[in-house]
Asker: 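I have a structure here, written as structure tokens, and I will follow up with some questions on it.
Any value given below was found using the heavy atoms of this structure, including those in side chains, with hydrogens, waters and symmetry copies removed. If you read the sequence from its start, that first residue is 1, and numbering goes on from there.
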Amino acid sequence: MDKKVVLPGVTVLERLVSGTRERAEKRLWARLAAAPTAAQAERLQQLVVVPTGKRLSELDRLSRSPRDISARGVGKALERYESLRSFGGHAWDLDAVPPGRLQALVRFAKAARAQAVSDLAGNRRLATLVAFAAVMP
């Protein structure tokens, strides 16, 4: 007050923080979307498509683990593991991505229906699918 300096108000700080968080999220989505090759990215995008004659998309099927405690259930679990592993997520370099943010994207992909994931904007949708394919196996 003595030096007549006015600090920014709460709303100005809120806008600065939210703008910074938004830019950081967009950078994260771009980094994750750049991890797979073009063919892998196309295959990941097909996870949210519901094939004709089916009720569930591949993402919906892969996000739910088998509940059958039998030899058949073990076979389904192994088949699911191989399907997830075939996306090549183990080869992507995601060390620069904070594990908490990666887990948050995976939680969303597991909890949401494929329609909600397909409604996400370009890089965010692909980043969510990349995180799912990299972490789920």
Side-chain angles (χ1 to χ4, degrees):
M1 291 287 267
D2 293 340
K3 298 185 186 213
K4 306 288 186 206
V5 175
V6 179
L7 296 174
V10 174
T11 55
V12 174
L13 289 176
E14 284 178 351
R15 273 186 266 137
L16 280 171
V17 169
S18 68
T20 303
R21 289 184 71 174
E22 187 176 323
R23 284 191 306 276
E25 282 183 340
K26 286 182 180 180
R27 253 192 343 260
L28 172 75
W29 297 335
R31 178 173 283 158
L32 284 170
T37 64
Q40 289 172 329
E42 181 59 35
R43 190 160 171 245
L44 286 169
Q45 297 282 5
Q46 292 302 314
L47 280 175
V48 295
V49 175
V50 179
T52 54
K54 301 243 177 163
R55 294 182 341 161
L56 294 175
S57 70
E58 191 69 10
L59 179 66
D60 291 330
R61 187 184 71 79
L62 292 173
S63 64
R64 282 147 186 74
S65 59
R67 295 185 181 101
D68 194 9
I69 304 174
S70 65
R72 184 174 176 205
V74 171
K76 285 182 181 179
L78 288 172
E79 176 187 311
R80 178 175 172 254
Y81 173 75
E82 286 300 321
S83 295
L84 287 166
R85 187 110 167 116
S86 70
F87 288 105
H90 58 280
W92 300 329
D93 182 24
L94 303 179
D95 292 336
V97 178
R101 294 296 301 145
L102 201 60
Q103 290 297 329
L105 288 170
V106 173
R107 273 193 307 274
F108 174 75
K110 282 183 67 172
R113 302 279 301 181
Q115 179 65 39
V117 176
S118 71
D119 288 344
L120 297 174
N123 270 350
R124 185 175 181 187
R125 176 180 47 236
L126 186 55
T128 303
L129 294 171
V130 165
F132 179 81
V135 172
M136 282 303 291

Asker: Check the pair E25 / R21 against salt bridge (Lys or Arg N to Asp or Glu O under 4.0 Å), numbers first and verdict last.
Answerer: CA-CA 6 Å; E25 282 183 340; R21 289 184 71 174; 5.3 Å; no
Asker: Considering non-hydrogen atoms only, spot the tightest contact between A134 and W92 and give its length.
Answerer: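 Taking every non-hydrogen atom into account, CB-CE3, 4.0 Å.
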Asker: Could you list all the salt bridge (Lys or Arg N to Asp or Glu O under 4.0 Å) pairs where at least one residue sits in residues 85-98, not counting sequence neighbours?
Answerer: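 Sorted result for residues 85-98: empty, none.
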Asker: Between Q40 and T37 (side chain of the first, backbone of the second, donor and acceptor by atom type, cut-off under 3.5 Å), is there such a pair?
Answerer: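 Yes; at least one donor-acceptor contact below 3.5 Å.
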Asker: Please, which pairs that meet salt bridge (Lys or Arg N to Asp or Glu O under 4.0 Å) have at least one residue in residues 116-137, sequence neighbours excluded?
Answerer: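 Every candidate salt bridge (Lys or Arg N to Asp or Glu O under 4.0 Å) pair involving residues 116-137 fails, so no pair, neighbours aside, qualifies.
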Asker: What distance do L32 atom CG and N123 atom CG have between them, rounded to the nearest 0.5 Å?
Answerer: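 The CG atom of N123 is 9.5 Å from CG of L32, to the nearest 0.5 Å.
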Asker: Under 4.5 Å between side-chain heavy atoms, counting indirect links through other Ile/Leu/Val/Met/Phe/Trp/Tyr residues: same cluster for V50 and L47 or not?
Answerer: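 No.
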Asker: I'd like to know whether CZ of R31 has more than 12 heavy-atom contacts from other residues, nucleotides or ligands below 6.0 angstrom.
Answerer: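 Not buried by this count: 12 neighbours or fewer within 6.0 Å.
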Asker: Go through the steps to decide whether L84 and F132 satisfy the test side chain to side chain contact (heavy atoms under 4.5 Å, CB included), and finish with yes or no.
Answerer: CA-CA 9 Å; L84 287 166; F132 179 81; 3.8 Å; yes
Asker: Using 0.5 Å steps for rounding, measure from the CG atom of L59 to the CG atom of L129.
Answerer: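 L59 atom CG to L129 atom CG measures 6.5 Å (nearest 0.5 Å).
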Asker: Looking at OG of S86 and CZ of R43, how far apart are the two atoms once the value is rounded to the nearest 0.5 Å?
Answerer: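 Atom-to-atom, S86:OG and R43:CZ are 3.5 Å apart.
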Asker: For the atom pair NZ (K76) and CZ (R61), what is the distance rounded to the nearest 0.5 Å?
Answerer: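 Rounded to the nearest 0.5 Å, the NZ-CZ separation comes out at 10.0 Å.
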Asker: Could you pull out the closest heavy-atom pair between F87 and A133, with the gap in Å?
Answerer: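 Heavy atoms of F87 and A133 come nearest at CB-CB, 3.9 Å.
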Asker: Report the residues that fulfil side chain to side chain donor-acceptor pair (under 3.5 Å) with R72, sequence neighbours left out, ordered by chain and then residue number.
Answerer: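 With neighbours one apart ignored, the set is empty.
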Asker: Show the nearest heavy-atom pair for residues S63 and A109, with the distance to one decimal.
Answerer: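 Answer, listing the atom of S63 first, then A109: CB-O, 4.5 Å.
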Asker: V106 and A131: which non-hydrogen atoms are nearest, and at how many Å?
Answerer: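 Nearest heavy atoms, V106 then A131: CG2-O, 3.3 Å.
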Asker: For S57 and R113, test the side chains for any donor-to-acceptor distance below 3.5 angstrom and give the result as yes or no.
Answerer: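 R113 and S57 do not have a side-chain donor-acceptor pair below 3.5 Å.
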Asker: Can you see which heavy atom on V135 is nearest to which on Q103, and at what distance?
Answerer: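 Looking at all heavy atoms of both residues, the closest pair is CG1-NE2, 3.6 Å.
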Asker: Drop me the distance from L120's CG to F108's CZ, to the nearest 0.5 angstrom.
Answerer: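 Those atoms lie 5.0 Å apart.
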Asker: Indicate yes or no for a side-chain donor-acceptor contact from D60 to the backbone of A114 under 3.5 Å, with no hydrogens or angles considered.
Answerer: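 Checking the backbone N and O of A114 against the side chain of D60, a donor-acceptor pair under 3.5 Å is found.
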